[in-house]
There are 2 protein chains.
Amino acid sequence: MVRGMTQMKDYPTSARGPAGHEVRDQIVLAATEHFSRYGYEKTAVSDLAKAIGYSKAYIYKFFESKQAIGEMICANCLHEIEKEVSQAVNGADTPPEKLRRLFKSGVEASLRLFFQDRKLYEIAASAATERWQSVVTYENRMQSLLREILQEGRLSGDFERKTPLDETTLSVYLVLRPYLNPLLLQYSFDYTEAAPGHLSSLVLRSLSP
Amino acid sequence: MVRGMTQMKDYPTSARGPAGHEVRDQIVLAATEHFSRYGYEKTAVSDLAKAIGYSKAYIYKFFESKQAIGEMICANCLHEIEKEVSQAVNGADTPPEKLRRLFKSGVEASLRLFFQDRKLYEIAASAATERWQSVVTYENRMQSLLREILQEGRLSGDFERKTPLDETTLSVYLVLRPYLNPLLLQYSFDYTEAAPGHLSSLVLRSLSP
DNA sequence: CTTGTGACCATTATGTATTTTAGTCACAAA
DNA sequence: TTTGTGACTAAAATACATAATGGTCACAAG
């Protein structure tokens, strides 16, 4: 379960104390385990402490709050999605196909988080509600990925060049947002089947030169 | 306050007892007043009864549940939005301009509900969460309005005709949904400024023949 | 210096006794 | 028949005392 949580030094999250310390990884590992099994709320910091055999106080040498630990776990989750989407996009040759894959794999990966790691999804959802840094970063990265595809399509002549790149990026992102944002996803279930196909078609028609 | 709640016989909502009865209107009136002032949850059915000078039991001769009353009030709210949007759309001549106005006035009207009748907005939001009939009907009506514009644009030659009308309708609706659906709106505040303009432009580019 | 902790406090969560509330029904007056 | 209600119950909301939790800090050991 919990998928391949391999490298931990991911997004820059609010932390403190010695960086790259072994105990920090132990905390993240234990937190991933506990949060995904019992949920963020039901896990006490002292539970994590017990799990790694240290006192609760020691945990606060590495993270300045429980939320900071949650941010770390959340960032890892979202980074997994991001990696998956990046990979899907890179597997395509033309910008239009890249865009289609961004839509499709983005929705798929988000849905998988919801159905297979519900507790972690809940962290992501509340992180989105409270605008945690991890979610802001995730959204920015997805927009960057999108912008790169659009830019590449403009250079290759696949996409129109009149509309300002930033406006197009934002617009297309807004079309995607209900399915990528963890908080919104749960209100869009009725459409997750049809949306990726239809919306990427709509957007591609809009982008044609 | 509460805006011009004029005619009450709006959407077909689950009701019972003699139709067109004077007391039914009194109930709706009192409910509108109480719900918008104190909120749906904080208003007891017996409060409404007291307000109109009847017993609580009598109210249940006209509505089969408190939720049914809420549905009525919610439907009225949404109908107000719908009327406003219809009016804005009818004030335009060409289908593209109608579409722009649908976007713009839809967002404006929804935002006004949020900021000026917060308690009523909350009813609409929870109605959306629990998929009350009033919201389903509202969404269907908005889609119908959209479909008519698209169809008109196809006939006038303003819009492309290759994509199936129903697919286009759904796609464009999905683009709008985050700003029209009361539940989603509150998570899209950051974009309500830019979204109507940018998204209608994106959609119009997509619709061009 | 780094590693590590128990004791401590303010805030939040939780269980529970108590009260409100939604909804029904038998029945009465007109 | 139509209009109208008090009395009732099961479920939900509330209030409150109690326990658990997040977070800090002074201090100790190596």
Side-chain angles (χ1 to χ4, degrees), chain A residues 13-35 37-74 119 122-123 126-127 129-130 132-133, chain B residues 13-35 37-74 119 122-123 126-127 129-130 132-133:
Chain A
T13 319
S14 60
R16 60 182 174 193
H21 195 290
E22 187 203 352
V23 173
R24 163 171 281 113
D25 293 347
Q26 288 181 251
I27 296 172
V28 173
L29 211 62
T32 306
E33 169 72 15
H34 276 71
F35 287 173
R37 191 188 295 267
Y38 310 108
Y40 176 79
E41 314 272 355
K42 300 282 176 195
T43 300
V45 176
S46 58
D47 293 337
L48 301 181
K50 222 168 292 171
I52 62 173
Y54 289 104
S55 76
K56 179 182 61 161
Y58 197 40
I59 292 203
Y60 286 93
K61 301 280 187 192
F62 297 93
F63 292 93
E64 63 180 20
S65 66
K66 183 187 179 186
Q67 179 175 318
I69 306 177
E71 284 250 36
M72 192 90 244
I73 271 63
C74 181
K119 302 286 192 208
E122 281 162 16
I123 297 178
S126 78
T129 310
E130 297 162 33
W132 290 9
Q133 185 55 41
Chain B
T13 319
S14 62
R16 62 181 172 193
H21 195 292
E22 187 202 351
V23 173
R24 162 169 283 113
D25 292 348
Q26 288 181 250
I27 296 171
V28 173
L29 210 63
T32 305
E33 169 70 16
H34 276 71
F35 288 172
R37 190 188 296 267
Y38 309 108
Y40 176 79
E41 315 270 355
K42 300 282 176 197
T43 300
V45 176
S46 59
D47 293 336
L48 301 181
K50 223 168 291 172
I52 61 173
Y54 290 103
S55 74
K56 180 183 61 164
Y58 197 41
I59 292 204
Y60 285 95
K61 300 281 186 191
F62 297 93
F63 291 93
E64 61 179 22
S65 66
K66 183 187 178 184
Q67 179 175 318
I69 306 177
E71 283 250 36
M72 192 92 245
I73 270 64
C74 179
K119 300 287 191 210
E122 281 162 15
I123 297 179
S126 77
T129 310
E130 297 162 32
W132 291 8
Q133 184 56 41

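The sequence lines fix the lettering, A, B, ..., with proteins before strands; numbering per chain opens at 1.
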For Tyr58(B) and dT5(D), is the shortest distance between a side-chain N/O and OP1 or OP2 below 4.0 Å?
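Result: no.
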Please determine if a side-chain N or O atom of Lys42(B) lies less than 4.0 Å away from the OP1 or OP2 oxygen of dT14(D).
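Yes.
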Could you state the atom-to-atom distance from [atom1] of [X] to [atom2] of [N] in whole Å?
X        : N       : atom1 : atom2 : result
Leu48(A) : dT21(D) : CG    : C1'   : 12 Å
Ile52(B) : dT5(D)  : CD1   : P     : 9 Å
Lys61(B) : dA28(C) : NZ    : C1'   : 12 Å
His34(A) : dT21(D) : NE2   : C1'   : 15 Å
Glu22(A) : dT3(C)  : CD    : P     : 11 Å
Lys50(B) : dG6(D)  : NZ    : C1'   : 14 Å
Phe62(A) : dT5(C)  : CZ    : C1'   : 13 Å
Tyr40(B) : dA13(D) : OH    : P     : 11 Å

[X] side-chain proximity, nearest of [options]:
X        : options                   : value
Ser65(A) : dG4(D), dG23(D), dG6(D)   : dG23(D)
Lys56(B) : dC8(D), dT3(D), dT21(D)   : dC8(D)
Lys66(A) : dG23(C), dG23(D), dT21(C) : dG23(D)

May I ask you to decide if the ring planes of Phe62(B) and Tyr58(B) are parallel, tilted or perpendicular, using 30° and 60° as cut-offs?
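Because their plane-to-plane angle is over 60°, the rings of Phe62(B) and Tyr58(B) count as perpendicular.
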I'd like to check Phe63(A) versus Val45(A) (side-chain heavy atoms, cut-off strictly below 4.5 Å). Are they in contact?
no
Should Glu122(A) and Phe35(A) count as side-chain neighbours, where that means a heavy-atom distance under 4.5 Å?
no
In short, Arg37(A) meets Lys119(A) closest at the heavy-atom pair O-CE, 3.8 Å
Heavy-atom closest pair, residues Leu48(B) and Ala31(B)
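Result for this residue pair: CD2-CA, 3.6 Å.
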Looking for any heavy atom pair under 4.0 Å, which part of the strands does Ala57(A) touch: base, sugar-phosphate only, or nothing?
base
